[in-house]
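Because the structure is predicted, anything quoted here is derived from the model rather than measured.
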Amino acid sequence: MFDRRGFMTASAGAGIAVIQPSSLLSSGRRIAADVSKQLSHRTARLRRLDDFGGGGDTYQMYVRELEDKTRLADEGVYSEATGRGLRGIIAEQAQLAGWAAYDAGNYEGARGHYMTALAASRAAEDTALEGNSLAFLAYLEWTVGGGSGIRFATAAYEALGARTAPMVRALLADQLAWQHATAGNDREADYALGIAAEAIHEHSDELGPDWAYWVDSDEIAIMTGRCWAELHRPLRAIPAFEDALARVRRHPGPGQGAVPVVAGSGVPGRGRGRALDRDHGTGV
């Protein structure tokens, strides 16, 4: 049988050449100031492989990337600012590896990568990345029934700084709403959804981080519907789904050919761009 997803992942990955850590050292063990920017662009390309394949297809690639960048940070010589940039890249790549492990059913592996991401984001002094790492842990806790999902999601939102991009605030408020909805806390879920809706419509001249590139008003509407559906409130769920579906029909984008009710999953950093063919019935 032809493995379409495996082929698509391999084809997409073929355009991303392997970079040896030593090639990023300018002289001796020194890392140039522009290396973090180069690696940021590379990480953005790696992130989009997730649109074509599942965790089983991408996990080993993400782990190799993470190991290479960790070794670069451990062995290189660089300025404090460059060091923060490198730790931020490590946090992002650890989140990618964690999500791939989660998607492949390796929950303990995912937890380890998320904890690495949390430590690296704090070393990078990046509160948005820190919040996203905690949000991943929240979703993992919910999945395995650990009972700490709300605590992690609350910490994720509270970690954000005053200058956090609106799309990130919307994303993490959305995650908090999902945790409350699955716990049956309708008032708390409603409050968090209100924060998410307000944030996603807030004007900002600054682009948000690439790891939140998929967050928009449709995604928030989808998750709003899912939260109210989880709370058995169809009169509030249906209008949200219909609102998102109407926009998708007018302006279909990659991966938007399916009804949004199955498109959002509440997973931080993973939106409706992923093919809707997961065993658990939601596209992430």
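Scanning for side chain to side chain donor-acceptor pair (under 3.5 Å) contacts around Thr182 gives Trp142, with sequence neighbours left out. Shown here are the side chain to side chain donor-acceptor pair (under 3.5 Å) partners of His41, two or more places apart in sequence or in another chain: there are none. Under the side chain to side chain donor-acceptor pair (under 3.5 Å) criterion, Arg64 pairs with no residue, sequence neighbours left out. With sequence neighbours left out, Glu141 forms a salt bridge (charged side-chain N to carboxylate O under 4.0 Å, His left out) with Arg111. Scanning for salt bridge (charged side-chain N to carboxylate O under 4.0 Å, His left out) contacts around Asp210 gives Arg47, Arg48, with sequence neighbours left out.
The number of heavy atoms from other shown groups lying within 6.0 Å of OH (Tyr107) is above 12.
Screening Tyr102, Trp99, Phe152 for a side chain to side chain contact (heavy atoms under 4.5 Å, CB included) involving Phe136 leaves a single residue, Trp99.
Electrostatic pairing of Asp126 and Arg84 does not count as a salt bridge here, judged by no charged N lying under 4.0 Å from a carboxylate O. Arg169 and Glu198 are not joined by a salt bridge, as no carboxylate oxygen comes within less than 4.0 angstrom of a charged side-chain nitrogen. Salt-bridge check for Asp34 with Lys37: failed, with every basic side-chain N at 4.0 Å or more from each acidic carboxylate O.
No single ILVMFWY cluster, assembled from side-chain heavy atoms under 4.5 Å apart, contains both Leu66 and Tyr62. Residues Leu140 and Met223 are members of one and the same hydrophobic cluster, defined by side-chain heavy-atom contacts under 4.5 angstrom among Ile, Leu, Val, Met, Phe, Trp and Tyr.
Screening residues 147-162 for salt bridge (charged side-chain N to carboxylate O under 4.0 Å, His left out) gives no qualifying pairs among residues at least two apart or on separate chains.
Looking at heavy atoms from C-beta onward, Leu46 lies in side-chain contact with Glu65 at the 4.5 angstrom threshold.
For Ser40 and Thr43, the side-chain atoms include no donor-acceptor pair closer than 3.5 Å.
Tyr78 places a side-chain N or O within donor-acceptor distance of the main-chain N or O of Ala73, the cut-off being under 3.5 Å. Between the side chain of Asn185 and the main chain of Glu188, no donor-acceptor pair closer than 3.5 Å is present.
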